[in-house]
Amino acid sequence: MADLTSLTLKAALDGLNSKSFSAEELARAYVSAIETANPHLNAYVLETPDKAIAMARASDARRARGEAGPLEGASLGIKDLFCTDGVQSTAGSNILKGFKPPYESTVTANLWRDGAVMLGKLNMDEFAMGSSNETSAFGPVSNPWKASGSNQALTPGGSSGGSAAAVAADLCLAATASDTGGSIRQPAAFTGTVGIKPTYGRCSRYGIIAFASSLDQAGPIGKTVEDAALMLSSMAGHDPKDSTSLDVETPDFSAFVGRSVKGLRIGVPDEYRLDGMPAEIAALWDQGVEWLKAAGCEIKRVSLPHTKYALPAYYIIAPAEASSNLSRYDGMRYGLRVEGGTLQDTYERTRAEGFGAEVKRRVLIGAYVLSAGYYDAYYLKAQRVRRRIAEDFDTAFAEVDALLTPTAPSAAFALGDRVSDPVAMYLNDVFTVTTNLAGLPGLSLPAGLDARGLPLGLQLIGRALDEGTLFSLAGVMEQAAAFRAKPQKWW
Ligand code: GLN
């Protein structure tokens, strides 16, 4: 039998349906692939092989009874900020090491309801704060891709670096991820995979360890556009346990893949053409425009004039919300506790030891911008900017049906390259934070390789709740790009 781990999610589901192999065989193939690769890639922070085999057997039994769900028997990886009942969930932080939630996140519960199997928990930046996976308390993930002729370890991006690396290295069929400012799309771009951040409210945040609640949104990373669509249809859905969850129907997103996009109007925003952006990224963007033109789309230049304020606004709002969300980690109820002489002392020691440097930086920035003297100048101002950015998109979407931009301003960079310069790290998110601020869906797909043989991504941004159009456009671009490159197995 061909290597089961190289299958797409769709092909694996077809194979399971036609009884070419069982869910247990599939899970075993992944368990052994992970065993070999993980010491080198560090994509999984927790492997759950026994659980995977047990879930796969139960899945095979359900299928035998004629009760197969839409993802029946699919072996998946789960980002470590989704709470999984009885299974350690840390969000990449020392402060939560050993924490086994007594409940399941809604997104993962939806996947298990549909028959999926869990292989383990995936590495990530601590509390999803980062763009390179280097803030993880478990150490960085290595990108399965390397530049041609080089042995240098590259970042898979962040914060969902474990998810993206695991999908790219065939260590799961697809993975869950989350995106507060780009954490699904940038790692997808750095690893040649497909990722979508859906509309804010599409996926329930219940049981997802919070970073910045008004921006956080779950979504999938997969090998193909269709795989991402299949995953999202299972993950999404209204949930009364999250007051910001949208009470709308979840479409069968895979039905949009393969549809004609003739006559759709695509906006190309002027402000995303940055000075100093690598020429290859600009060229690939132009190529993307050509692919959509050839498919019958009408291309328009549009302006999103407040784009340049998005990054500063994001790096005020996200830390402000984080400083509030992270106040719960006080050593009293769960996670790490470092005893001090007094209550205050216990709080301080626990947080000083439990949080890493980037998380402390965000908590300090957040507390500062929310403090009495600075609230108006920073936090309120940033909220006003956020509104302007959303209005920019509203204006653009009166004229166009979707926008096309690069996903990130560079290809994967070397581990260690930007850790000492937080601002250089934050600049990675320049094309992705805008959709989080506006609550809009954004999809990244692999569009080509740069001269060093590293994947580059393009981003499609859509109207609220119009993920379907993004899947149709991405399907057409995926065909045109014919991106088949895989990283060479060095692990
Ligand atoms: N890189 C961004 C940050 O560090 C976004 C992270 C995310 O989307 N979770 O905040």
Side-chain angles (χ1 to χ4, degrees), residues 37-45 79-80 90-94 97 122-169 171 177 180-193 211 221 276-278 280-281 311 315 355-362 364-365 407-432 449-457 487-491:
N38 210 51
H40 305 283
L41 297 176
N42 200 25
Y44 282 86
V45 294
K79 186 176 181 178
D80 203 31
T90 70
S93 183
N94 273 324
K97 273 194 184 160
L122 293 162
N123 206 343
M124 55 180 285
D125 280 298
E126 186 177 5
F127 286 106
M129 298 172 191
S131 307
S132 66
N133 225 288
E134 289 166 290
T135 73
S136 169
F138 296 87
V141 178
S142 283
N143 195 326
W145 291 83
K146 289 191 172 177
S148 40
S150 160
N151 202 26
Q152 192 167 45
L154 302 178
T155 173
S159 65
S160 312
S163 306
V167 173
L171 303 183
T180 303
S183 279
I184 292 176
R185 293 160 286 160
Q186 182 252 24
F190 280 13
T191 56
T193 55
F211 166 8
I221 294 182
M277 188 164 75
E280 285 171 298
I281 293 184
L311 214 46
Y315 277 98
F355 291 144
E358 183 61 27
V359 172
K360 286 178 187 157
R361 180 180 296 125
R362 306 280 180 118
L364 289 173
I365 294 172
T407 306
S410 75
F413 47 90
L415 286 172
D417 233 18
R418 301 192 188 172
V419 266
S420 55
D421 185 351
V423 175
M425 195 65 94
Y426 298 169
L427 282 171
N428 261 285
D429 310 325
V430 62
F431 300 141
T432 46
L449 298 175
D450 71 5
R452 296 184 306 149
L454 296 175
L456 295 172
Q488 252 176 17
K489 283 202 176 155
W490 50 267
W491 51 89

Starting at OG1 of Thr135, measure out to CE of Met425 and round the result to the nearest 0.5 Å.
8.5 Å
For Ala424, check side chain to side chain contact (heavy atoms under 4.5 Å, CB included) against everything at least two apart and list the hits.
Arg418, Asp421
Can you tell me how far CG of Asn133 sits from CG of Asn42, rounded to the nearest 0.5 angstrom?
8.0 Å
Partners meeting ring-ring contact (aromatic ring centres under 6.0 Å, His included) with Phe413 (sequence neighbours left out):
Phe190
Here the gap from Leu154 atom CG to Arg452 atom CZ, rounded to the nearest 0.5 Å, amounts to 7.0 Å
Which pair of non-hydrogen atoms, one from Ala128 and one from Ser183, has the smallest distance, and what is that distance?
O-OG, 4.1 Å
In terms of heavy-atom contacts, Leu122 and Gly162 come closest through CD2-O, 3.7 Å
Using modelled atom types and a 3.5 Å cut-off, is there a donor and acceptor pairing between side-chain atoms of Asp80 and backbone atoms of Asn123?
no
Using a 3.5 Å distance criterion without hydrogens, assess whether the side chain of Thr90 forms a donor-acceptor pair with backbone atoms of Lys97.
no
Look only at the side chain of Ser159 and the backbone of Met129, and say whether a donor-acceptor pair between them is shorter than 3.5 Å.
no
Assess, by modelled atom type and distance only, whether the side chains of Ser132 and Glu134 contain a donor and an acceptor separated by less than 3.5 Å.
yes
Where the side chain of Glu126 meets the backbone of Glu358, is there a donor-acceptor pair that is under 3.5 Å apart?
no
Atom of Trp490, atom of Pro144 and distance for their closest heavy-atom approach:
NE1-O, 2.8 Å
In Å and rounded to the nearest 0.5 Å, what is the OG to CG distance from Ser410 to Leu456?
8.5 Å
Sorted by chain and residue number, the salt bridge (Lys or Arg N to Asp or Glu O under 4.0 Å) partners of Asp125 (sequence neighbours excluded) come out as none
For the backbone of Pro156 and the side chain of Trp145, can you confirm whether one donor and one acceptor N or O come within less than 3.5 Å of each other?
no
Answer yes or no: is there a donor N or O on one side and an acceptor on the other, between the side chain of Asn428 and the main chain of Gln186, under 3.5 Å?
no
Begin from the C-alpha positions of Ser160 and Lys79 and carry the test side chain to side chain donor-acceptor pair (under 3.5 Å) through to its verdict.
CA-CA 7 Å; Ser160 312; Lys79 186 176 181 178; 2.9 Å; yes
Ala43 backbone acceptor or donor facing Asn38 side chain under 3.5 Å
yes
Any side-chain heavy atom of Pro409 within less than 4.5 Å of one from Leu427?
no
Quick one: sort the Phe355 and Phe127 rings into parallel, tilted or perpendicular, breaks at 30° and 60°.
perpendicular
Tell me whether Thr193 contacts the main-chain N or O of Ile221 through its side chain, where contact means a donor paired with an acceptor under 3.5 Å.
no
Step by step, work out the side chain to side chain contact (heavy atoms under 4.5 Å, CB included) result for Phe138 and Met124.
CA-CA 9 Å; Phe138 296 87; Met124 55 180 285; over 6 Å; no
Does the side chain of Phe431 reach to within under 4.5 Å of the side chain of Ile281, using non-hydrogen atoms?
no
Ser148 and Gly453 have their tightest heavy-atom pair at OG-N, 4.3 Å
Which pair of non-hydrogen atoms, one from Thr155 and one from Gly157, has the smallest distance, and what is that distance?
OG1-N, 2.8 Å
Rounding to 0.5 Å, atoms CG (Asp429) and OG (Ser131) come to a distance of 3.5 Å
If I compare all heavy atoms of Tyr426 with all of Leu311, which pair ends up nearest, and what's the gap?
O-CD1, 3.6 Å
